[in-house]
Amino acid sequence: MSVNVLEKIDNQLSNLNPESIRFKALVALRDFKSIWVELGKYLTDIAYGGDYKDWGYEDFEVYCASELGLKKLTVKKIMVSYNYLKSFEPGRLSEGASDNSYDVPEYQTVELLKKARERDDIDEEEKEELHRMAFDSKVDQGVLRKEIRDRMRPGDPDDIDKANFNRRREIDGLLRVARNLRQRLAEARSVPESVKIRVEESLCELEALE
């Protein structure tokens, strides 16, 4: 998170009631790399409570993009991951939980666990194994995410390698074009901000395919 974004958040916090959910959401955003679970809770509460309307935002996505600087895909992943914890690790969210309540995997890992849970071609034993691995602090998160993705791509190893190579090459080419577009849009004064936001959301979804 850049210094400019942090300064913007601190300026907003100085004008808000510390007891308000709006204040708490911004604080959680500032620290979300270490306590994304708390941010997930506030995002969920704000989304379903409709508080953003009282703050002058037309919808939840506009609030997240304008005030929190969060992309649509990031918000979705954090909320999906939070709801996964509510279903499978509720003890970590309970009132009065110990400081270890935030000893959880990165939200990107939890979001993949959610996807694995929904797969019919992964048996329950494997799903539980992946869950246990995710909550083992000794496991490297990047390695685990690769493991989860690999288990969601069944098939002949040679075919998978070839398909992965072709997919990687295609996505790399698209990302080069997309990132060039992002840079040009950032410098374009004639393009409305609303259009830039929609394009950015699409680019983020493309980057998520990496």
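Just so it is clear, the model here is predicted, and its values are computed rather than measured.
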List in chain and number order the residues that pass side-chain contact (heavy atoms from CB on, under 4.5 Å) with Ala47, two or more places apart in sequence or in another chain; answer none if no residue qualifies. Phe60, Met79
Greater than 12 external heavy atoms within 6.0 Å of Glu118's CD: yes
Compute the centroid of each ring, for Tyr57 and then for Tyr52, and state whether the two points are separated by less than 6.0 Å. no
Using the rule that Ile, Leu, Val, Met, Phe, Trp and Tyr join whenever any side-chain heavy atoms are under 4.5 Å apart, tell me whether Leu39 and Leu73 fall into a single cluster. no
Is it true that a side-chain atom of Lys114 and a backbone atom of Ser81 form a donor plus acceptor pair closer than 3.5 Å? no
For the pair [X] and [Y], find out whether any cationic side-chain nitrogen is under 4.0 Å from an anionic carboxylate oxygen.
X      : Y      : answer
Arg117 : Glu128 : yes
Glu38  : Lys24  : no
Arg151 : Glu129 : yes

Side-chain touch [X]/[Y], heavy atoms, less than 4.5 angstrom:
X     : Y      : value
Val37 : Tyr107 : no
Lys41 : Asp45  : yes
Leu43 : Ile78  : yes

Return the minimal non-hydrogen interatomic distance between [X] and [Y], and the atom names on each side.
X      : Y      : answer
Leu16  : Gln12  : CG-O, 3.3 Å
Leu144 : Ala134 : CD2-CA, 3.2 Å
Ile122 : Lys127 : O-CE, 3.0 Å
Asn17  : Phe23  : O-CB, 3.1 Å
Pro105 : Trp36  : O-NE1, 2.9 Å

Could you check Leu112 against Met152 for side chain to side chain contact (heavy atoms under 4.5 Å, CB included), going step by step and ending with a plain yes or no? CA-CA 10 Å; Leu112 279 176; Met152 291 194 292; 3.9 Å; yes
Derivation of the side chain to side chain contact (heavy atoms under 4.5 Å, CB included) call for Tyr84 and Glu111: CA-CA 8 Å; Tyr84 179 93; Glu111 193 249 351; over 6 Å; no
